[in-house]
Amino acid sequence: MQDFLLDDADRMFRAEVRAFLQRELAPRAVAIEDRQDWSAVKQVVRALGAAGYLRLMFADLYQGSLAQPGLTHATVLSEEAAYLNYAFETTIATALSCAYPLHRHASRRLCDTYLAPILDGAAIGAICVTETNVGSDSAGMETRMVFDAKTNEWVIDGFKRYISNASVADVYIVYGIASAGMTAIAVPGHAPGIRFPRNYTFMGRRGSLVGEVEFKDCRVPAEHLLGEPGGGSRIMRGMFNFERVILGGSGLGVARSAFDIAVAHAQQRQSFGQALGCKQLIWDKIAQMGWRIDAAELLTYRASKMYDAGSDGKALMKEAAMAKLVATETANFCANETVQILGGDGITKEFGRAEQIYRDARALTIVGGTSEMVKYLIASRDLPGLRITL
C-alpha cells in the first residue's frame, strides 16, 4: 500500500490514529468478538470522542491538529478500526452516518441535543431505512409519517429491520413516506411509541448490535424534522455517498488484515522443504490480493478527496459506489484466499483471526447497498441515455 493519494499530513494522521487504536481498541477486541461486550465498545467510542476523532467530518466543529479535516481522515479512521475489529467499526460508522444528516439538516437545538453528544462519544446514533419488504428500493417504503397540526407533532407508523445500534442508540434517523414524499425525522430512543422487538444473531460482526425498530403511533415534535417534508431522498443520497466511502475504508481495513495474516503465514510455514510462499499457486494468491487492495485504496481515497474538494450528491454517486464495490469485494476475496492459504488454521478460532475476518467480511457486500445495487448506480451514470430498470 503506497498511500498514493494521501499527503504527508494524512500519513501522519494515519500513524496517530493507528497508535491510538492499538492503545484503546486492540486490548478490547477479544472481549468484543468473544463476549460481545457492549461496555467495551462504549469505552472505545468514548475515547474516540474525547480525542476529537468523531468530529473529523465536521470542520466547523473540529478542534484537533489537522488543518483541513474531512472525509479522507474519517475514512482512514474507518480503515484502521476495521483492521482491528470490523464489528466495532460498524458502530462508529453508523453513528457518523447518523451525525451527517443532523449536522446538515437539523435545527440548532436538535444538534445541541443529539449531534454534540454523538461527536463527544457520549451518545450513539442509528439510521432506519431497511424494512421487511424494502431493501435497496427505498421508494417502496411502507413506513408512514403524518403531521398532526393540532399537537404540532409528526406521527410515525412502521417497522424497520437490520438496524445497526438498534435498542442502544440515543437517536434514530428514520426515513418514511409523508404526503410530500420521502421524509427524514430524528426520533429519540425514548420516544413514546418506539420499541425494539429483537436483535439478530449474525455469522460475523460479533459485538455489533443489529435488530428491529418498530413505530406505533410514535410522536415527536415538529422540530425533529430534518430539512423539509419530502426532502428525504436528497438527504439519503448524501448520507449514502458518505456511508459508501466510509465502507470503502472498512473494506480496506478488513482486506489488509487478511492480507497481512496470509503474507506472514506464506513466509513462515514450511512445506516440502521450502516456504509455502515459494509455491506458484500461493504467490499467485498473494499477488491477486495485493493488486486488488491497491486498486481499492485508489478508488476509495479518490472518492474521499473528491468529497473533501466539494463533490457530493449525484456528482459523487458513481465514485462512492465504485469505492464501496471494489473495496468490499476485495475484502471478501482476501478473506477467502487467506483462509485457503492457512488451511485448517484458517477455519479454527484457536489459531488466529482468519476465520473471524472471513465471517466479518461477508456483510460488507450487502450493507450500505449491495454489490448489485451499486453496480446499477455506476452503470446509470455511464448510460445516461437509457432508463435502466432493476
With sequence neighbours excluded, what pairs up with W283 under the side chain to side chain contact (heavy atoms under 4.5 Å, CB included) test?
-> Q280
Does the pair R161/E214 count as a salt bridge with the N-to-O cut at 4.0 Å?
-> no
Answer yes when K349 and D34 have at least one side-chain N-carboxylate O distance shorter than 4.0 Å, and no when they do not.
-> yes
Pairwise distance CD1(I282) to CG(L276) - rounded to 0.5 angstrom | 4.5 Å
Atom OG1 of T348 and atom CG of L342: how far apart are they, to the nearest 0.5 Å?
-> 9.5 Å
Return the set of residues passing side chain to side chain contact (heavy atoms under 4.5 Å, CB included) with D382 (not counting sequence neighbours), or none when no residue passes.
-> K318, I378
Should M289 and T338 be marked as a side chain to side chain contact (heavy atoms under 4.5 Å, CB included) after you check the CA-CA gap, both sets of side-chain angles, and the distance that decides it?
-> CA-CA 9 Å; M289 285 191 275; T338 295; 3.8 Å; yes
Given side chain to side chain contact (heavy atoms under 4.5 Å, CB included), test V41 with D37 step by step and report yes or no.
-> CA-CA 7 Å; V41 173; D37 187 343; over 6 Å; no
Quick one: side chain to side chain contact (heavy atoms under 4.5 Å, CB included) partners of R292, sequence neighbours excluded?
-> Q288, T330, F333
Under the side chain to side chain donor-acceptor pair (under 3.5 Å) test, which residues partner Q43, sequence neighbours left out?
-> R28
Roughly how far, to the nearest 0.5 Å, is SG of C334 from CD1 of I261?
-> 11.0 Å
May I have the step-by-step check of side-chain hydrogen bond (donor to acceptor under 3.5 Å, both in side chains) for E142 and N133, ending in yes or no?
-> CA-CA 8 Å; E142 298 172 358; N133 298 312; 3.3 Å; yes
Side chain to side chain contact (heavy atoms under 4.5 Å, CB included) with V155: which residues, sequence neighbours excluded?
-> D148, D157, D217, R219
d(E212 CD, S167 OG) to nearest 0.5 Å is 11.0 Å
Under a 4.5 Å cut-off applied to non-hydrogen side-chain atoms, are Y301 and S304 in contact?
-> yes
To the nearest 0.5 Å, how far apart are CH2 in W291 and CD1 in I286?
-> 14.5 Å
Test side chain to side chain contact (heavy atoms under 4.5 Å, CB included) on R362 and T365 and set out the steps.
-> CA-CA 7 Å; R362 193 61 190 85; T365 55; 2.9 Å; yes
Can any side-chain N or O of T75 pair as donor or acceptor with the backbone N or O of L71 at less than 3.5 Å?
-> yes
Show which residues join I347 in its hydrophobic cluster (side-chain heavy-atom contacts under 4.5 Å, direct or indirect), or state none.
-> V339, Y358
Please report the C-alpha distance between S97 and I246 in whole Å, then the side-chain angles of each, then the deciding distance to 0.1 Å, and finally whether the side chain to side chain contact (heavy atoms under 4.5 Å, CB included) criterion is met.
-> CA-CA 9 Å; S97 292; I246 288 287; over 6 Å; no
Taking the side chain as every heavy atom from C-beta outward, state whether E89 and L77 have any atom pair closer than 4.5 Å.
-> no
Is there side-chain contact between V245 and F240, with at least one heavy-atom pair below 4.5 Å?
-> no
Does any non-hydrogen side-chain atom of V171 lie less than 4.5 Å from one of C98?
-> yes
Could you list who else is in I163's hydrophobic cluster, with ILVMFWY side chains joined at under 4.5 Å, directly or through other members?
-> M145, F147, W154, I156, Y172, V174, I185, V187, I194, F196, V213, F215, V220, L225
Does any non-hydrogen side-chain atom of E79 lie less than 4.5 Å from one of R14?
-> yes
Would you list the atom pairs, donor with acceptor, under 3.5 Å between side chains in residues 45-58 and any protein atom, with sequence neighbours excluded?
residue	atom	partner	partner atom	Å
Y53	OH	E16	OE2	2.6
R55	NH1	L61	O	3.2
R55	NH2	D120	OD1	2.6

Side chain to side chain donor-acceptor pair (under 3.5 Å) with N241: which residues, sequence neighbours excluded?
-> D312
Distance-only, no hydrogens or angles: does the D345 side chain make a donor-acceptor pair with backbone N or O of F351 under 3.5 Å?
-> no
Quick one: does NZ or CZ of R256 land under 6.0 Å from the six-membered ring centre of F259, within 45 degrees of the ring axis?
-> no
At what distance, to the nearest 0.5 angstrom, does CD1 of I357 lie from CG of N332?
-> 12.0 Å
Might you work through the ring pair (Phe, Tyr, Trp, His ring centres under 6.0 Å) test for Y307 and F242, ending with a clear yes or no?
-> CA-CA 8 Å; Y307 178 91; F242 163 86; 7.2 Å; no
Heavy-atom side-chain contact between P221 and E153 under 4.5 Å | no
Is there side-chain contact between P188 and D170, with heavy atoms separated by less than 4.5 Å?
-> no
Just jot down the side chain to side chain donor-acceptor pair (under 3.5 Å) partners of D10, sequence neighbours excluded, or say none.
-> H73, K305
Quick one: which residue pairs count as a side chain to side chain donor-acceptor pair (under 3.5 Å) with a foot in residues 259-275, not counting sequence neighbours?
-> Y83-D260, Q274-K279
Pairwise salt bridge (Lys or Arg N to Asp or Glu O under 4.0 Å) hits with a residue in residues 220-241, at least two apart = R109-E223
Any Y175 side-chain heavy atom under 4.5 Å of M236 side chain = yes
K160 side chain to V129 main-chain N or O, any donor-acceptor pair under 3.5 Å?
-> yes
